[in-house]
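Below is one structure, written out as structure tokens, with a few remarks after it.
Computed over heavy atoms, backbone and side chain alike; hydrogens, waters and symmetry mates excluded. Source: prediction; values computed, not measured.
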Amino acid sequence: MSSEHPVLRLEKVSKIYHLYEQPHHRLLQMFYGPRRIFFREFWALRDVSFKVMSGECVGIIGRNGAGKSTLLQIIAGTLNPTHGECQTHGRIAALLELGSGFNMEFTGRENVHLNAAVLGMSAEQLEEKLDAILAFADIGDFIDQPVKTYSSGMKMRLAFAVQAHIEPDILIVDEALSVGDGAFQTKCMQYMRQLLERNTTILFVSHSMNVVRMFCDRTIWMENGKIIQDGETKEVTSRYSEVLMAPTRETKKAAPQITEKKDKTAAQESLSENPSTLIPLDQVQRTESLRRWGGGEIEVAAFTLSGEQSGFSKVYEFGEKVTLQFSLDVHALPPGDMPSAAFAIRNRQGLDILSISTDRLGVALDELEPGKTSRVQFKFTMRIVPGEYSLILAIAYNEAGKRVYSDYVENAHYFTIVSSRYHNGLYEPETEVKLLNG
């Protein structure tokens, strides 16, 4: 729980870098001074202002190059702003770059003493915490080996153990935990929660929206060196994920404004207002192009995947009830058995996490007529674990014991599933649990 005491305040902080096309241009610039310019300006940060209260955990998200690392370096004091003011109160510990505070020739134990001294711990304080630091890092006999022999995971373990145990007022974590194994990441998360209970302020940078949601109540979204949105984590991460999943031609434009949803077509906006409206396949914006094949007797024409809370979206909540509808243009009835409609949800690794068809559900599509359009509806609860997924739509029939497709549509829709709690595995069914005695 945060207090009303601000430990961090930024006022119009900007950072400009001078980029030179050729190395000798630097020398020419020194010679000519302001009379001639040999560089171009790059604004890594531009007029960034916000404050953080004591005990607050703030997530910082954005694409690579958004300015997150530059911002954290200024807060940590390793970089000076070009303009503006950054005020901090208390001791700052930062995990900005893996192993950046280590001497590679020193042993792990020697680096613990070195880092502790740099961070302001006395020899007596370190002696009290040394056993806890070594136990938390849990790298065994490697503690007395040179750090240059460590794996990236071992460096991260030791760095986090030292930084967290100095009892900082502000802890900065910049994606460093991503190299650790699952068990150690969980241990780090639990320890950071303990730090929050002690009123430590945490700035947490991650590309995992689910980790940010589990840990941060407030999130700052940055793009092109500016703050796009600063607010409640669920709202900010949902909007960011939606823009992130937009097509390439949209993401290459200038930073999106939260008051405009430029990544949606007029048809998609209509869907948000009326979830029963179907959107033609060729009007859906995608991160990858549509792929389809089949005999063509019956074709998928339009669809909607509508959540109870989110409507038609690129972001759905884990556990949200959703309705999938798609229309079928019936050109001719295919040979063989009665046709069936199906859909699948596929993860980034190409695995179909969910695959449902009307024939397996015992539903017959016996009212299809050539020259007419029919609509199929599925309702289900989105209990697939958080991640990025694509939607597959299909119409098929069985002929001589073989599955034949009239239309198989890949990449119909790309979306993200998010949650505010930790999940494991691939799918979590609704389950009843009872404790039975005796």
Side-chain angles (χ1 to χ4, degrees), residues 177-178 180-186 189-190 206-216 233-234 237-238 240-242 244-245 275 284 286-288 290-292 300 303-326 340-363 376-396 403 405 408-436:
L177 301 183
S178 61
D181 58 71
F184 188 72
Q185 287 182 16
T186 300
M189 294 296 179
Q190 292 172 345
S206 178
H207 289 289
S208 171
M209 295 303 98
N210 296 308
V211 174
V212 172
R213 278 193 166 212
M214 284 188 289
F215 207 73
C216 306
T233 292
K234 182 178 177 180
T237 55
S238 293
Y240 173 71
S241 297
E242 190 174 348
L244 196 65
M245 293 288 285
V284 179
R286 302 176 177 87
T287 52
E288 293 186 26
L290 192 73
R291 294 177 55 193
R292 67 191 308 175
V300 177
F303 80 100
T304 179
L305 181 63
S306 179
E308 278 189 340
Q309 296 136 16
S310 53
F312 182 83
S313 177
K314 293 186 177 70
V315 183
Y316 302 92
E317 292 283 339
F318 175 87
E320 185 175 7
K321 294 184 184 301
V322 296
T323 299
L324 169 65
Q325 293 186 25
F326 56 94
S340 66
F343 76 93
I345 295 178
R346 179 173 293 173
N347 67 9
R348 295 182 66 182
Q349 289 71 42
L351 179 66
D352 289 349
I353 306 301
L354 192 66
S355 180
I356 304 292
S357 65
T358 54
D359 58 344
R360 292 201 298 270
L361 294 174
V363 177
V376 182
Q377 176 177 282
F378 297 89
K379 288 189 174 183
F380 60 100
T381 302
M382 194 72 84
R383 299 192 65 85
I384 300 172
V385 299
E388 296 176 0
Y389 297 92
S390 63
L391 176 66
I392 297 169
L393 305 173
I395 184 78
R403 191 77 161 174
Y405 289 94
Y408 189 93
V409 182
E410 291 184 332
N411 307 336
H413 186 40
Y414 278 87
F415 60 93
T416 300
I417 299 173
V418 296
S419 178
S420 298
R421 67 175 179 85
Y422 178 73
H423 296 264
N424 216 336
L426 298 174
Y427 184 84
E428 292 185 11
E430 294 188 43
T431 307
E432 292 186 4
V433 180
K434 291 183 178 180
L435 177 62
L436 303 177

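Salt-bridge check for Glu388 with Arg348: passed, with a basic side-chain N closer than 4.0 Å to an acidic carboxylate O.
In terms of heavy atoms, Thr233 sits closest to Cys216 at OG1-O, 2.8 Å. For the pair Gly319 and Thr381, the tightest heavy-atom approach, listed with the atom from each and the gap, is O-CG2, 3.4 Å. Tyr414 and Ser390 get closest at one heavy-atom pair: CE2-CB, 3.7 Å. Across all non-hydrogen atoms, the minimal contact from Val322 to Gly307 is CG1-CA, 3.8 Å. Listed here is the closest heavy atom pair of Val212 and Ser206: CG2-CB, 4.0 Å. Here the closest non-hydrogen pair linking Phe303 and Ala412 is CZ-O, 3.5 Å.
Counting only residues at least two apart or in different chains, salt bridge (Lys or Arg N to Asp or Glu O under 4.0 Å) contacts with residues 422-431 comprise Arg421-Glu428.
Qualifying side chain to side chain donor-acceptor pair (under 3.5 Å) partners for Asp359, counting only residues two or more places apart in sequence or in other chains: Ser357, Arg403. Among residues two or more places apart in sequence or in another chain, the side chain to side chain contact (heavy atoms under 4.5 Å, CB included) test is passed with Gln377 by Thr323, Gln325, Lys379. Residues meeting the side chain to side chain contact (heavy atoms under 4.5 Å, CB included) test with Lys434, sequence neighbours left out: Leu436. Looking at residues two or more places apart in sequence or on another chain, you find a side chain to side chain donor-acceptor pair (under 3.5 Å) between Tyr408 and Arg346. Shown here are the salt bridge (Lys or Arg N to Asp or Glu O under 4.0 Å) partners of Arg360, two or more places apart in sequence or in another chain: there are none. Partners of Arg291 under the side chain to side chain donor-acceptor pair (under 3.5 Å) rule, at least two apart in sequence or in another chain, are Glu410. With sequence neighbours excluded, no residue forms a side chain to side chain donor-acceptor pair (under 3.5 Å) with Ser420. Under the rule for a side chain to side chain contact (heavy atoms under 4.5 Å, CB included), the partners of Gln309 that lie at least two apart in sequence or sit in another chain are Glu317, Glu320. Under the ring-ring contact (aromatic ring centres under 6.0 Å, His included) criterion, Phe380 pairs with Phe343, sequence neighbours left out.
With a 4.5 Å cut-off on side-chain heavy atoms, Met382 and Ile345 count as touching. By the 4.5 Å heavy-atom criterion applied to side chains, Leu393 and Leu324 are counted as neighbours.
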- Task: Starting from the C-alpha separation in whole Å, work towards a yes-or-no answer on side chain to side chain contact (heavy atoms under 4.5 Å, CB included) for Arg213 and Val418.
- Result: CA-CA 8 Å; Arg213 278 193 166 212; Val418 296; 3.3 Å; yes

- Val376/Ile395 under side chain to side chain contact (heavy atoms under 4.5 Å, CB included): CA gap, chis, key distance, verdict: CA-CA 11 Å; Val376 182; Ile395 184 78; over 6 Å; no

- Show the numbers, then the answer: is there a side chain to side chain contact (heavy atoms under 4.5 Å, CB included) between Leu354 and Ile384? CA-CA 8 Å; Leu354 192 66; Ile384 300 172; 4.1 Å; yes

- Item | Worked verdict on Leu361 versus Phe378 for side chain to side chain contact (heavy atoms under 4.5 Å, CB included) | CA-CA 11 Å; Leu361 294 174; Phe378 297 89; 4.3 Å; yes

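Between the His413 side chain and the Ser313 main chain, a donor and an acceptor come within less than 3.5 Å of each other. Using a distance-only test at 3.5 Å, with no hydrogens or angles considered, no donor-acceptor pair links the side chain of Ser419 to the main chain of Pro386.
Note that the NE2 atom of His423 and the CZ atom of Arg383 stand 8.5 Å from one another [nearest 0.5 Å]. Note that the CG atom of Asp352 and the CG atom of Asn347 stand 8.0 Å from one another [nearest 0.5 Å].
Using the six-membered ring where Trp is involved, Tyr316 and Phe415 have ring planes that are perpendicular, over 60° apart on the 30 and 60° scheme.
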